[in-house]
Asker: 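One structure, as structure tokens, below. Some questions next.
Keep in mind that the numbers below use all heavy atoms, side chains included, and drop hydrogens, waters and symmetry copies.
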Amino acid sequence: DRIGMRAAIKILFRDGVKDSQGTAVQQALGTLGFVGIEEVLVGKYITVKMDSDTEESRALVGEMCDRLLVNGVIEKYTIDYPEKDKKVWF
């Protein structure tokens, strides 16, 4: 039984890039009566399961982000490697 790895990738717009969807959600929440909201950011959450947890596997996940999953011009990302038992699927 191989020990795999799960990578949780959070992608948001870079600072200074207009988040029109976040603005629309914030306005809709205000219309529904929610108060005190300073900002809403809408992004993407991607999980990738690899067959092993190695430095090479982690480097490959970063390469996936750089080459396909993230538009580096307007987006930024973080990668988290939760413990095996921690739920990252929604």
Asker: So which atom in Ile79 and which in Ala7 form the shortest heavy-atom distance, rounded to 0.1 Å?
Answerer: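 Smallest interatomic distance, heavy atoms only, reads CG2-CB, 4.1 Å.
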Asker: Apart from Leu41 itself, what residues make up its hydrophobic cluster, given side-chain heavy atom links below 4.5 Å?
Answerer: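 Reading the cluster by chain and number, Leu41 sits alongside Leu12.
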Asker: Taking ILVMFWY side chains as joined if any heavy atoms are under 4.5 angstrom apart, and letting links pass through other members, which residues group with Leu29?
Answerer: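 Traced through the cluster, Leu29 reaches Val25, Leu32, Phe34, Ile37, Val40, Val42.
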Asker: Taking the six-membered ring of Tyr81 as reference, does the NZ or CZ atom of Arg6 fall below 6.0 Å from its centre and within a 45° cone about the axis?
Answerer: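 Judged by the rule (NZ or CZ under 6.0 Å from the ring centre, within 45° of its axis), Arg6 is not positioned above Tyr81.
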Asker: Kindly give the heavy-atom pair with the smallest separation between Glu75 and Leu69, and that separation in Å.
Answerer: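 Glu75 and Leu69 have their closest heavy atoms at OE1-O, 4.3 Å.
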Asker: Can you confirm whether the side chains of Asn71 and Tyr77 place a donor and an acceptor under 3.5 Å from each other?
Answerer: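 No.
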Asker: Please lay out, stage by stage, how Asp19 and Glu39 fare under the test side-chain contact (heavy atoms from CB on, under 4.5 Å).
Answerer: CA-CA 10 Å; Asp19 183 350; Glu39 181 179 45; over 6 Å; no
Asker: Taking NZ in Lys10 as the centre, count heavy atoms belonging to other residues, nucleotides or ligands within less than 6.0 Å. Is the count above 12?
Answerer: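 No, because the 6.0 Å sphere around NZ of Lys10 holds 12 heavy atoms or fewer from other groups.
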Asker: According to a hydrophobic-cluster definition based on side-chain heavy atoms being under 4.5 Å apart (Ile, Leu, Val, Met, Phe, Trp, Tyr only), do Ile9 and Phe13 belong together?
Answerer: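 Different hydrophobic clusters.
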Asker: Could you tell me if the side chain of Lys44 sits less than 4.5 Å from the side chain of Val70, heavy atoms only?
Answerer: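 They are not in contact (no side-chain heavy atoms under 4.5 Å apart), so the answer is no.
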Asker: To check you understand the geometry: which heavy-atom pair defines the closest contact between Leu60 and Met50, and what is its length?
Answerer: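 Nearest pair, atom of Leu60 first, then Met50: CD1-CE, 4.1 Å.
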Asker: List the steps, then state whether side-chain hydrogen bond (donor to acceptor under 3.5 Å, both in side chains) holds for Ser57 with Thr54.
Answerer: CA-CA 5 Å; Ser57 295; Thr54 63; 3.1 Å; yes
Asker: Would you confirm whether Arg58, through its side chain, and Met5, through its main-chain N or O, come within 3.5 Å as a donor-acceptor pair?
Answerer: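 Flag not set: sc Arg58 to bb Met5 has no pair under 3.5 Å.
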Asker: Counting C-beta onward and ignoring hydrogens, is there a side-chain heavy-atom pair between Val48 and Met64 closer than 4.5 Å?
Answerer: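 Yes, side chains in contact.
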Asker: Taking Glu63 for its side chain and Ala59 for its backbone only, find out whether a donor-acceptor pair lies under 3.5 Å.
Answerer: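 Absent.
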